[in-house]
Amino acid sequence: MNKYRTHNCGDLTKENKDQDVVLSGWIHKKRDHGNLLFIDLRDNYGLTQCVIDKSNKFFKELEKTQLESVVKITGKIVQRSKETINKDLKTGEIEVNIVSFEILGYCKELPMPVFSEQDYAEEIRLKYRFLDLRRKKIHENIILRSKVISFIRNKMYELGFLEFQTPILTSSSPEGARDFLVPSRLNPGKFYALPQAPQQFKQLIMVSGFDKYFQIAPCFRDEDARADRSPGEFYQLDLEMSFVEQEDVFQVVEKLMISLFKKFSSKKLLYEKFPRISYEEAMSKYGTDKPDLRNPLLINDITNIFTREDVKFDIFKKLVKSGAKVKSILTKKTNDKPRSFFDNVDKWAKDQGASGLAYFTIERDQNLSAKGPVGKFFSEDSLKDIMKITNAEVGDSLFLACGKIEEVQNISSLAREKIAKELNLIDETKFAFCWIVDYPMFEKEQVTQKIKFSHNPFSMPQGDIKNIDFEKPLDIKAYQYDIVCNGVELSSGAIRNHIPELMYKLFFIAGYDKNQVDEKFKGMINALSYGAPPHGGIAPGIDRIVMLLANEKNIREVTMFPMNQNAQDLTMGAPSKVSEEQLKELNLNLKNKK
RNA sequence: GGGGGUGUAGCUCAGUUGGUUAGAGCGAUCGCCUGUCACGCGAUAGGUCGAGGGUUCGAGUCCCUUCACUCCCGCCA
């Protein structure tokens with residue numbers, strides 16, 4: 001028999017009554033009646049109420065034992081009387097009559113309570129992460145994460161994929177995020193980099209003939225944090241497949257996501273075949289390439305309205321003349337909304353750095369008219385045209401943003417989200433997946449006006465490879481795609497360019513000659529020259545998937561030992577100083593010694 | 001690098017227009033209590049009001065500087 005327990009704290013029921021049991025766990029809560037003491041004993045599996053009274057010689061000692069101490073309790077199961085049953089507890093029909101107990105791990109006074117559903121400052125939570133992780137919600141999130149990863153592994157094997165590890169110490173890559181560097185002792189003055197993603201390795205795996213690869217891969221990027229982005233490290237479900245087209249990748253990912261989200265959430269999937277939306281369409285309808293399709297609001301371009309003689313909205317007309325665009329967001333049946341609703345949205349837009357949002361509501365007496373501060377600028381005819389473009393009806397309202405195309409897309413995308421929230425239009429019980437496809441291969445850099453890769457330089461351009469018009473690089477689309485769920489970008493992926501000659505041509509457009517490409521991507525280009533299969537893949541973010549499933553807004557709620565915003569691990573005290581000896585061995589000198 | 005928010009007891013927070021000795025709940029300690037499950041009741045301890053400087057007769061409160069945490073922009077092929 002195990003020395004510490006015969007059962008865990010989650011599995012005793014009235015079936016076990018009269019049995020002698022041993023339980024070990026944490027003292028979750030005490031209810032001390034002076035001569036009678038209830039103890040909720042907790043372990044990973046649940047809570048069990050244990051009782052002791054003053055006739056027991058251990059009573060005084062147990063009464064004084066701190067919460068969160070680890071104890072071993074020996075006792076007998078008794079069935080609770082009907083009035084004392086706790087229906088909220090799996091083990092609520094029984095309790096353990098304590099015979100003896102022993103402290104296995106003493107607990108000092110707690111810096112933060114474990115028994116509480118209150119929110120605490122991140123600082124204290126991260127410093128005492130081991131205590132924080134005992135708390136119910138996050139404990140369950142972490143267990144969920146483990147189950148999700150295990151499910152993904154099984155499913156990927158089922159779909160014919162093999163998991164391979166790729167190096168953690170690798171070479172610094174010239175493009176992309178900032179690298180984490182690791183000095184090499186044996187190669188003084190040289191550095192390894194931690195992989196930003198196993199991108200080149202997974203392509204090499206395809207060239208090596210393994211056909212279908214996946215990995216729950218750690219990725220390291222030295223960039224600033226966000227609520228949904230850990231500083232430093234995160235995990236991807238990295239996958240790559242040979243002899244596939246874009247749709248083949250979609251099939252695999254849809255199968256995985258649908259089964260995963262059905263298993264781990266009670267929320268319904270809005271689409272079982274994820275809509276394919278072109279980048280262009282997404283930008284024009286939603287103002288972003290990560291649209292939340294639960295949000296029914298649509299954006300329309302009504303720039304042309306402001307070239308009409310019978311529209312007198314001079315501020316917008318002037319801007320339009322100098323190249324500005326006007327985007328509208330339609331809200332249905334909002335004529336009964338108070339003025340403050342509209343003004344708050346306008347004020348919010350100004351807080352976002354935009355010049356604000358004009359608005360009016362369409363009414364009809366004898367004639368059509370626009371009500372609102374700028375309503376008077378629109379003729380009846382112009383309103384009819386607006387209604388045609390936007391599908392607006394009498395009683396609906398329109399919010400208008402005007403400015404440079406990038407700015408107006410940005411603010412209308414944010415406004416779409418904001419207004420939907422205000423009007424409570426987002427169905428929180430649904431998951432809405434979609435694919436964003438047909439990304440442009442190149443884009444013009446704002447400042448320098450230079451042509452550069454818009455996403456992954458290794459992506460395959462669309463169309464007949466022999467007939468690509470390299471003279472018009474901005475027209476070239478790539479087999480490059482994103483998967484988005486509820487407005488969260490889960491991943492980018494692509495069919496890769498496995499033809500070195502084509503790669504040189506594309507890199508030339510972005511300003512790299514052959515020698516530079518050979519130098520920068522030595523391993524890749526070389527490998528592709530020895531018989532590379534057509535291949536492609538994607539790498540959905542594990543952390544964000546778990547966030548969606550756990551209904552959390554912050555990635556630290558699904559990460560066991562996250563770093564804070566300054567990329568410090570408060571539990572372990574990382575990063576930390578190192579000794580002179582270590583630096584010397586690595587051939588390093590610190591420039592600014594403190 | 002920039003912008004916003006927060007910082008008061010171990011924890012979560014209140015603290016009015018600048019005004020006497022800075023409060024509450026939880027936790028801790030002590031006492032009472034044999035059916036609780038957020039047990040109850042009573043008492044005690046616990047504060048560099050993030051730090052520094054300034055204005056003022058007087059600063060938790062106003063001003064300046066600074067630090068920490070957090071959210072956002074930049075960044076994240």
Side-chain angles (χ1 to χ4, degrees), chain A residues 28-42 47-56 59 63-64 66-68 78 80-89 91-92 95 97 107-128 131-132 135 173-179 196-197 199-200 219-234 351-353 410 414 439 441-443 445-447 452-459 478 480 489 492-494 507 510 520-521 539 541 553-556 563-566 568 570:
Chain A
H28 185 64
K29 191 73 190 162
K30 286 189 289 190
R31 289 175 294 280
D32 189 352
H33 291 238
N35 293 316
L36 177 75
L37 173 67
F38 294 99
I39 291 207
D40 289 335
L41 195 69
R42 185 194 72 239
L47 282 179
T48 301
Q49 175 166 281
C50 306
V51 198
I52 190 169
D53 71 17
K54 65 171 177 192
S55 64
N56 188 309
F59 181 81
E63 198 182 24
K64 292 278 166 290
Q66 296 279 353
L67 292 182
E68 293 304 314
V78 290
R80 297 205 208 174
S81 68
K82 215 166 190 173
E83 323 79 71
T84 60
I85 287 174
N86 184 344
K87 289 193 210 75
D88 300 331
L89 233 48
T91 60
E95 61 194 11
N97 245 332
C107 180
K108 298 198 287 192
E109 188 178 340
L110 291 166
M112 57 175 279
V114 171
F115 169 73
S116 169
E117 290 179 12
Q118 217 162 13
D119 287 330
Y120 299 99
E122 295 264 355
E123 197 171 1
I124 191 115
R125 292 183 58 194
L126 294 182
K127 186 167 176 196
Y128 296 97
L131 287 179
D132 191 38
R135 298 170 63 217
S173 61
E175 308 240 326
R178 201 176 287 115
D179 281 318
Q196 296 179 22
Q199 179 64 35
Q200 298 198 41
C219 303
F220 306 90
R221 297 179 189 172
D222 188 2
E223 297 293 350
D224 289 351
R226 290 287 183 280
D228 63 349
R229 203 167 84 202
S230 291
E233 53 188 83
F234 63 98
D351 289 343
Q352 300 301 304
N410 181 41
L414 293 172
Y439 276 85
M441 187 89 213
F442 298 101
E443 65 188 10
E445 205 167 52
Q446 291 279 330
V447 194
K452 59 164 211 168
F453 288 108
S454 64
H455 273 73
N456 188 329
F458 302 126
S459 299
Q480 163 89 42
E489 182 193 320
S492 291
F507 267 98
K520 279 184 154 189
F521 306 103
K553 294 263 176 291
N554 192 304
I555 204 159
R556 293 184 294 275
M563 296 199 283
N564 69 10
Q565 198 164 46
N566 291 323
Q568 296 160 342
L570 296 180

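Letters A, B, ... mirror the listed sequences (proteins, then strands); counts begin at 1.
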TODO: Return yes if the base of B:C75 and the side-chain atoms of A:R229 contain a donor-acceptor N/O pair under 3.5 Å, otherwise no.
DONE: yes

- [ ] Scan A:R178 against the nucleic acid and name what it touches under 4.0 Å (heavy atoms): base, sugar-phosphate only, or nothing.
- [x] nothing

- [ ] Return yes if some donor-acceptor pair links the side-chain N/O of A:E233 with the main-chain N/O of A:C219 below 3.5 Å, else return no.
- [x] no

Task: Touch class at under 4.0 angstrom, heavy-atom based, for A:F38 against every strand present - done: base

Task: A:H28 NE2 - B:U36 C1' separation (whole Å) - done: 14 Å

- [ ] Report the distance from atom CD of A:E117 to atom C1' of B:A38, rounded to the nearest whole Å.
- [x] 10 Å

- [ ] State the pairing partner of B:U6; accept Watson-Crick or G-U wobble contacts with both distances under 3.5 Å, and report none otherwise.
- [x] B:A68

Task: With A:N97 via side chain to side chain contact (heavy atoms under 4.5 Å, CB included) - residues at least two apart - done: A:V51, A:V78

TODO: Using a 4.0 Å heavy-atom cut-off across all strands, classify A:P457 as base, sugar-phosphate, or nothing.
DONE: base

- [ ] Please measure how far the P atom in B:G7 lies from the corresponding atom in B:U61, and state the result in whole Å.
- [x] 12 Å

Open item on the list: Taking side chain to side chain contact (heavy atoms under 4.5 Å, CB included) as the definition, give me every residue that meets it alongside A:Q200, ordered by chain and number, with sequence neighbours left out.
Closed with: A:F521, A:M524

TODO: List for me each residue that meets side chain to side chain contact (heavy atoms under 4.5 Å, CB included) alongside A:N456, sequence neighbours excluded, and say none if there are none.
DONE: A:Q199, A:F458, A:S459, A:Q480, A:R496

Open item on the list: Measuring only the C1' atom in each nucleotide, how far is B:C13 from B:U17? A whole number of Å is fine.
Closed with: 23 Å

Task: Footprint string (nucleotides 25-34 of chain B, 5' to 3'): B base within contact, S backbone only, - free, heavy atoms under 4.0 Å - done: --SSS---BB

Open item on the list: Please report the distance separating the C1' of B:C49 from the corresponding atom of B:A24, rounded so that it comes out in whole Å.
Closed with: 16 Å

TODO: Quickly work out the A:I124 CD1 to B:U6 C1' distance and round it to whole Å.
DONE: 16 Å

- [ ] Give the rounded distance in Å between these two atoms: CG of A:L41 and C1' of B:C37.
- [x] 14 Å

TODO: For A:L89, report the nucleic acid contact type (base, sugar-phosphate, nothing); a contact means any heavy atom under 4.0 Å.
DONE: nothing

Open item on the list: Please tell me if A:R221 has a side-chain N or O lying less than 4.0 Å from either OP1 or OP2 of B:A77.
Closed with: yes

Task: Selection from B:C11, B:A77, B:C39 that lies nearest to any side-chain heavy atom of A:R31 - done: B:C39

TODO: To the nearest Å, give me how far apart CD (A:Q49) and C1' (B:C39) are.
DONE: 11 Å

Open item on the list: Between A:R221 and A:D179, does any NZ, NE, NH1 or NH2 come within less than 4.0 Å of an OD or OE carboxylate oxygen?
Closed with: no

Between N or O atoms, less than 3.5 Å apart, protein on one side and nucleotides 69-73 of chain B on the other: list the pairs.
residue: B:C69; atom: OP1; partner: A:N564; partner atom: ND2; Å: 3.0
residue: B:C69; atom: OP1; partner: A:N566; partner atom: ND2; Å: 3.4
residue: B:C69; atom: OP1; partner: A:Q568; partner atom: OE1; Å: 3.0
residue: B:C69; atom: OP2; partner: A:N566; partner atom: ND2; Å: 2.3
residue: B:U70; atom: OP1; partner: A:Q565; partner atom: N; Å: 3.3
residue: B:U70; atom: OP2; partner: A:Q565; partner atom: N; Å: 3.1
residue: B:U70; atom: O3'; partner: A:R556; partner atom: NH2; Å: 3.3
residue: B:C71; atom: OP1; partner: A:N554; partner atom: ND2; Å: 2.7
residue: B:C71; atom: OP1; partner: A:R556; partner atom: NH2; Å: 2.7
residue: B:C71; atom: OP2; partner: A:Q565; partner atom: NE2; Å: 3.4
residue: B:C72; atom: OP2; partner: A:A227; partner atom: N; Å: 2.9
residue: B:C73; atom: OP2; partner: A:R226; partner atom: NE; Å: 2.7

Open item on the list: Going by purine N1 to pyrimidine N3 plus the second Watson-Crick contact, or the G-U wobble pair, all under 3.5 Å, which nucleotide sits opposite B:A22?
Closed with: none

- [ ] Using atom CD of A:E83 as one end and atom P of B:U36 as the other, report the distance to the nearest whole Å.
- [x] 9 Å

Open item on the list: Categorize A:D119 for me: base, sugar-phosphate, or nothing, with a 4.0 angstrom heavy-atom threshold over every strand shown.
Closed with: sugar-phosphate

Task: Backbone N/O of A:S55 and side chain of A:D53: donor-acceptor pair under 3.5 Å - done: yes

TODO: Could I get the full list of side-chain hydrogen bond (donor to acceptor under 3.5 Å, both in side chains) partners for A:H455, not counting sequence neighbours?
DONE: none

Task: Between B:U12 and B:A38 - C1' atom distance, rounded Å - done: 15 Å

Task: Pairing partner (Watson-Crick or G-U wobble, both distances under 3.5 angstrom) of B:A14 - done: none

Task: Separation between the C1' atoms of B:C37 and B:U44, rounded to whole Å - done: 28 Å

TODO: Return the set of residues passing side-chain hydrogen bond (donor to acceptor under 3.5 Å, both in side chains) with A:E123 (not counting sequence neighbours), or none when no residue passes.
DONE: none

Task: Atom P, compared across B:G40 and B:G25: separation rounded to whole Å - done: 12 Å

TODO: Can you tell me the pairing partner of B:G60 across any strand shown, Watson-Crick or G-U wobble, with both distances under 3.5 angstrom?
DONE: none

Task: Rounded distance [0.5 Å steps], NZ in A:K54 versus CZ in A:F59 - done: 8.5 Å

- [ ] For B:A14 and B:A9, measure between their P atoms and round to the nearest Å.
- [x] 12 Å

TODO: Find the distance A:I39:CD1 to B:C39:C1' and express it as a whole number of Å.
DONE: 14 Å

Open item on the list: Rounding to an integer number of Å, can you tell me how far A:F115 CZ sits from B:U12 P?
Closed with: 17 Å

TODO: With sequence neighbours left out, write down each residue that passes side-chain hydrogen bond (donor to acceptor under 3.5 Å, both in side chains) with A:R125, or none if nothing qualifies.
DONE: A:D132, A:E557

Task: Residues which pass ring-ring contact (aromatic ring centres under 6.0 Å, His included) with A:F442, listed by chain and number, not counting sequence neighbours - done: A:F453

Open item on the list: Quick check against the 3.5 Å criterion: does A:K30 have a side-chain atom that pairs as donor or acceptor with the backbone of A:E63?
Closed with: yes

TODO: Pick the C1' atom in B:G47 and in B:U55, then give their distance to the nearest Å.
DONE: 25 Å

- [ ] Write down the partner of B:G1 under the Watson-Crick or G-U wobble criteria, each distance required to be under 3.5 Å.
- [x] B:C73

TODO: For A:F458, answer base if it contacts any base atom (sugar-phosphate contacts may also be present), sugar-phosphate if it contacts only those atoms, and nothing otherwise; contact means non-hydrogen atoms under 4.0 Å.
DONE: nothing

